Amino acid sequence: MRKYPFKKIEKKWQEIWQKNNFSLWQAKDLAKQKKIYILDMFPYPSGDGLHVGHVEGYTATDILSRFYRMNGYNVLHPMGFDAFGLPAENFAIKKKKNPIDFVPKNIERFRKQLKSLGLSYDWQRELSTTDPSYYKWTQYIFLKMYERGLVYEKSAPINFCPSCQTGLADEEVIGGKCERCGTATEIRNLKQWHIRITAYAERLLEDLDELDWPENVKEMQRNWIGKSVGYEVLFMVDGFEERIAIFTTRLDTIYGVTFIVLSPANELALKISHPNYLLNVERYVQEERKKEKAGIYDKEISGVFTGSYAINPLNQKKIPIWVSNYVLATYGTGAIMGVPAHDERDFNFAKKFDLEVIRVVVPTEGVQNFEEIFIEDGVVINSDEFSGLSSEEAREKIGEKLSSLGLARKVVNYRLRDWIFSRQRYWGEPIPLIRCPRCGIVPLKEKDLPLVLPRVKYYKPSGTGESPLKNISKWVKTRCPKCKGEAERETQTMPQWAGSCWYYIGYLLKSKKLRNWDKRLLQYWLPVDVYVGGVEHAVLHLLYARFWHKFLYDIKMVPTKEPFVKLVNQGLILGPDGQKMSKSRGNVINPDDVIKEYGADTLRIYEMFMGPLEDSKPWSIESIKGVFRFLNRVWALAGQVKKNKIRKNKDQEILAEVRVKLNELIYETTEGIKNLKFNVVIAKMMSFENFLRNFLSKNSNLNIVDEFLIFIRLLFPFAPHISQEIFSLLGGKSLLDLEKWPEYDKELLVRKTFNYVVQVNGKKRGVIVSEKENLTENEVKELVSEQTFYKKYIKGKKVVKIVFVRGKVINFVIGE
RNA sequence: GCCCGGGUGGCGGAAUUGGUAGACGCUGCAGACUUAAAAUCUGCUUCCCCUUCGCAGGGAGUGUGGGUUCGAGUCCCACCCCGGGCACCA
């Protein structure tokens, strides 16, 4: 295969760009120009290095950044490293090295790889979440939350990963497995720091509507927050003082209640059991609680009768109270009303234990199909004065009645739970709190930040539920900021996600070495205009970051309600076998290898050419060669163009064709980049190269340097190295980054010839080509009558109707 | 089960948003160059039929079935399949 000297070219220009510490791509704080903030999701610098998925997103934002720079924007395009947390720590443990030594090496490797791709970052703003000058602010924001009562410590059954030896947030458990290592998680009762994200549930939900995000991500967040509006209803227990509160969204079915079910974790279960049944209930409850602790999920429904009865507040009917594992302790009140006719789970339970089924809602219209259960809204029956109402009206009316009796209240429930924020691990931001035997929990003073993570010998998780930091008594022992007496530091650390909650702001402070939280800079740069990254963070990073941002907004530390206006998810790049890339499958494509074989420019263009940015698509070791050939042809063409550089064109007219085509390309490229349709733009450039090559072979002594260099400018954001090299080869003096983006001439875009598709009964039968724009119907008819296909399809037939669309199509409708 | 996406040649994918389906790339085939191969260049490449082999003609075709329309890959209804997310959330 022919190879243009990409190694030499790429090395040469990367070195030139590196000069002056990459000042070429430096964003100018507070400049008068229009700003645009283009952000990538920063990587975890794992030991594996960059993968092709990173390259995809990072190339896309690089194209945008270079494009907007050439269009006169003040572009902020920074990069950093999310280096705290489990991936780095687990890798360090595996390699038996201290993360404190190891992580900087990983970062160095990532940085090198990013630079080898020619990505135009503002490297002076580079940050790492592990840098004390950075996590000083992570700790600072945490303390602000503490100050506002958003941080609390609570002992609760939480998710625990036995392999990572740490507690996890709900968001980190995917399908019952640890998000990082894939081990099945357990439930453990641990005392943990929580952050009250639930206080922001409503706003996190509402403000989604304003965001230019992919619909599926918004939907995932909506589902995760899981708002449901319903009623909490009190049921008396016959013969007991206690009352049972249940939560329901289907108050319209309350006449259909035939039993009450308590979660095994509900304290009432033992209190309201009939003495004859108590032993049985106790045994069941203990067993179920044990199972829950061990993280065992029973798919099989089980349950026991308590021997007691509740009283339906509306019709005073006595209904049995059960305890069952299908009722969650953590949602609503840990108790439900069982309506087997209108809820599938209740129905299954009733069937298993042979409980009564009463139907109180029927379909609104049509056939009253007598299926056993009907879960939709409909018309209420068998419900006293509420019969005949629609489900919606019934909910309202019944709610009113019960509320006036003090037996119900309208309640909004969220599925979202508070964020478990402490980790029993070493490699994270220390939580800046002190446990004082006299004063209780005392926060560190702001001036004492950062609280630096100490170097330890043994950083492996202890497995006791204690952080490794616990063993460093020197560090743990401290003085209480309040009473100055002896006290101990909190030894747990923050989760992986803490540092990434605000890093897009970190880049803005970077220019002052993170010393100041300069609101003018935030006012200028925020919000992020385009944010590109993988969809895997939909309910993790993206939810947490929105939460922190809203908090910062509330305490007037940021000027906007939302951090990221527009979000783009790049699709997954699959292995050549169409499967997800993984080491165990052996289908991983390493970007370093590709760069070695074809160069960074080919890699960049190929990844953009594979298909739409958002789609997942398989790697093809054949297709990338096509892209490489394209760049080789551009290179060869440049050589040819150079030969004619000194010639004077006798006939300017002949170039008109090139200019029209070029003008079109400028238009298509400009619009295509704005709309992130990179794959289409590249196809157009390939077509243009094809055209130009043919053109030049017919007009071999024409000087087209000027035209060619416009093409090179268009190519530049995609393939910066080869473009820059050709530019200077053909006499360009400056760096292309400083050049203006070519403008297109709207006049020239107007087509010279116009096609009229001629249809007969909607079928294409011919095309009329005219040089006249906007032919009238009669003119087109005239032209059609001269065509051979006219005789064949139209002449002598009865034309019922003619549909004529100006500039596009004429359709003859022929009758029988 | 529920909620989002999406089904277009041998493959990855285009299609001005209702107006010439298959751009561009890959693969394959043929040719040129070459002692030869590689590389490169040129042409063909949705399927089927007819053919006087002409740069000719006809038909079908965008997951399936129906509908709206002069005209549907694009809009509507039903179904099938694939991918992703959530999953005892009452």
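In this text the structure is predicted, and so the values were computed from the model without any measurement. Just so it is clear: chains get the letters A, B, ... in the order the sequence lines come, proteins before strands, and each one is counted from 1. Values below: all heavy atoms of this structure, side chains included; hydrogens, waters and symmetry mates excluded.
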For Glu171(A) and Trp224(A), which I'm curious about, is there any donor-acceptor pair between the side chains at under 3.5 Å?
yes
Verify whether one side chain among Asn413(A) and Ser228(A) offers a donor that lies under 3.5 Å from an acceptor in the other.
no
Each nucleotide of nucleotides 22-27 of chain B classed B (base within 4.0 Å of a protein heavy atom), S (only sugar-phosphate) or -, in 5' to 3' order, makes -BBSSS
Do the side-chain N or O atoms of Tyr331(A) get closer than 4.0 angstrom to the phosphate oxygens (OP1, OP2) of C88(B)?
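For C88(B), neither OP1 nor OP2 has a side-chain N or O of Tyr331(A) closer than 4.0 Å.
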C70(B) phosphate, OP1 or OP2: any side-chain N/O from Lys801(A) under 4.0 angstrom?
yes
From CG of Asn569(A) across to P of G83(B) the rounded distance in Å is 20 Å
Rounded distance in Å - CD (Glu671(A)) to P (A15(B))
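From Glu671(A) CD to A15(B) P: 14 Å.
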Rounded to whole angstrom, note down the [atom1] distance from [N] over to [M].
N      : M      : atom1 : value
U51(B) : U34(B) : P     : 41 Å
U27(B) : G84(B) : C1'   : 30 Å
G9(B)  : G22(B) : C1'   : 7 Å
G1(B)  : C88(B) : C1'   : 11 Å

Salt bridge check, Asp346(A) against Arg250(A): does any charged N sit closer than 4.0 Å to a carboxylate O?
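Between Asp346(A) and Arg250(A) there is no salt bridge, as every charged N stays at least 4.0 Å from the carboxylate O atoms.
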Ion pair check, Arg222(A) and Glu215(A), cut-off under 4.0 Å
yes
Identify whether the glycosidic angle of G9(B) places it syn (within 90° of 0) or anti.
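Nucleotide G9(B) adopts syn.
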Anti or syn, where syn is a glycosidic angle within 90° of 0; which label fits U16(B)?
anti
Partners of [X] by side chain to side chain donor-acceptor pair (under 3.5 Å), sequence neighbours excluded?
X         : result
Asn690(A) : Arg693(A)
Ser620(A) : Ser623(A)
Arg604(A) : Asp62(A)

Categorize [X] for me: base, sugar-phosphate, or nothing, with a 4.0 angstrom heavy-atom threshold over every strand shown.
X         : answer
Val813(A) : sugar-phosphate
Lys677(A) : sugar-phosphate
Arg415(A) : base
Ser228(A) : sugar-phosphate
Arg693(A) : sugar-phosphate
Val758(A) : nothing

Which residue is it: Phe349(A), Phe259(A), Tyr284(A)? I am looking for the one with a ring pair (Phe, Tyr, Trp, His ring centres under 6.0 Å) to Trp322(A).
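Between Trp322(A) and the candidates, ring pair (Phe, Tyr, Trp, His ring centres under 6.0 Å) is satisfied uniquely by Phe349(A).
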Among residues 214-222 of chain A, which ones have heavy-atom contacts with RNA chain B below 4.0 Å?
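Listed by number, they are Asn216(A), Glu219(A), Met220(A).
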Under 3.5 Å for both distances, Watson-Crick or G-U wobble, that's the pair rule; now give the dot-bracket for RNA chain B, with | marking pairs to another strand and [ ] for crossing ones.
(((((((..(((......[....))).(((((.......))))).((((.......))))..(((((..]....))))))))))))....
Assuming nearest nucleotide by heavy-atom distance, tell me which of Trp224(A) and Pro618(A) is located more 5' along RNA chain B.
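Nearest-nucleotide comparison on RNA chain B picks Pro618(A).
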Checking Lys674(A) against Glu671(A) for the salt bridge (Lys or Arg N to Asp or Glu O under 4.0 Å) test, could you report, in this order, the C-alpha distance in whole Å, the side-chain angles of both residues, the deciding distance, and whether it holds?
CA-CA 5 Å; Lys674(A) 279 188 199 161; Glu671(A) 293 306 308; 3.7 Å; yes
